[in-house]
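Worksheet: the structure to be examined is printed underneath.
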Amino acid sequence: MLNFPITDGMELVVFDMEWNQPIYGKEYGFDVSALTGEIIEIGAVKYTYENGNLIRGKQFSRNIKPQVYTKLHYHVKKVTGKSNSDLLNGVSFAMAYHAFRAFIGKAQILVGWGNSDTAMLKQNLKFFDMDDDLNVYFLDLQPLFSLFSGEKGKQRSVEFAVDFYGIDKRIGFHSATSDAIYTGRILEKIFEQNKTAQVLSTISSSAIDPDVVSEFTFVGSPCASQDMAYEGARAFWATCPICKTALNEKIKRFRIRKSEYALLFCPEHGEFFARSRSKKNKTGEFYVSSVMRLATQNDYYLVACKKEEFDKYGASGAPKEEPEEETGE
Ligand SMILES: [Zn+2]
């Protein structure tokens with residue numbers, strides 16, 4: 001959640017990145033889990049908020065010459081249309097990142113599509129021994145699009161949203177710069193087509209601080225029954241994972257089909273979305289996989305929908321089972 005209001009003159013930077021992946025089975029001389037992708041392109045567009053409108057500003061674009069994953073992974077090649085020789089034309093990651101920081105300037109919010117870009121950026125900064133504090137909020141536009149378009153928790157691509165709003169598709173997709181431009185256009189449409197106050201409050205409640213770990217997971221030990229398995233996650237839900245203060249239940253936990261949900265509250269850290277799913281292991285025992293995270297707008301929506309269904313139909317859920325909504329874990 002933002003700790004300041006969005007006011008006139010405030011800047012936002014919409015960005016996107018492309019990264020290359022390690023080639024499976026190849027020996028790199030380090031643990032590849034420390035660098036699951038090496039950034040090869042950063043693209044961005046700056047916006048200024050002014051009286052309910054977004055004013056489109058300058059663009060940013062840098063190609064980066066990778067240092068460790070120097071051969072394009074076939075999947076990345078396919079998606080981005082880049083070739084190995086393209087990689088040679090880039091600048092170093094450090095140069096590109098410093099230029100990007102300069103471009104961000106006093107902007108306090110980064111906007112992206114999907115929640116993987118800030119984690120990837122931090123991973124690259126850490127790997128290359130640079131300061132990995134981003135010191136800027138991050139807004140994932142994908143769930144916001146779902147909310148405002150009535151797509152109800154579905155994960156849609158940038159291209160889907162571009163088509164939804166009838167945005168001109170003259171430039172290609174899947175370069176960081178073009179996807180940042182399109183993501184910016186989608187943000188413009190969300191502002192144009194909805195009440196400003198509603199858009200601003202949704203942005204405020206959905207933006208996260210990427211420098212703070214906001215998601216916590218727990219996997220319970222195997223149990224003979226499902227009830228016992230759920231019981232195992234109770235201690236995990238009892239205290240705030242950040243400060244260990246006892247949590248209050250804003251929405252009391254309820255079980256629907258194979259998941260248990262709750263909205264929990266810490267006086268210092270705010271609201272947590274909590275969900276446990278019961279699973280069966282190979283020997284037929286039950287265990288839970290549980291997640292707790294600082295609640296985003298999409299999480300409120302998800303828990304409210306499930307609660308409504310629970311109140312109406314009980315633990316078995318609506319008779320005609322819809323596919324479980326995924327919000328990404
Ligand atoms: Zn707390």
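Bear in mind that the values here come from a model prediction, so they are computed numbers and not experimental data. Only heavy atoms go into these numbers, but all of them, side chains included; no hydrogens, no water, no symmetry mates. Whatever order the structure lists them in is the order used to number ligands and atoms, beginning at 1.
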Stepwise side chain to side chain donor-acceptor pair (under 3.5 Å) test for Ser225 and Asp227: CA-CA 5 Å; Ser225 76; Asp227 286 346; 5.4 Å; no

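Across every non-hydrogen atom of Met292 and Thr239, the tightest pair is CE-O, 4.3 Å.
Annotation: cation-pi pair Lys189/Tyr165 absent, no NZ/CZ under 6.0 Å from the ring centroid and within 45° of its normal. Cation-pi geometry between Lys46 and Phe103 is met: the NZ or CZ atom falls under 6.0 Å from the ring centre, inside 45° of the normal. Figure legend: cation-pi geometry between Arg185 and Tyr182 absent, as NZ or CZ is not positioned both under 6.0 Å from the six-membered ring centre and within 45° of its axis.
The side-chain hydrogen bond (donor to acceptor under 3.5 Å, both in side chains) analysis of residues 133-142, with sequence neighbours excluded, yields the pairs Asn3-Tyr137.
Counting only protein atoms, the N, O or S atoms lying less than 2.8 Å from the Zn ion (ligand 1) are Cys240 SG, Cys243 SG, Cys266 SG, His269 ND1, ordered by chain and residue number.
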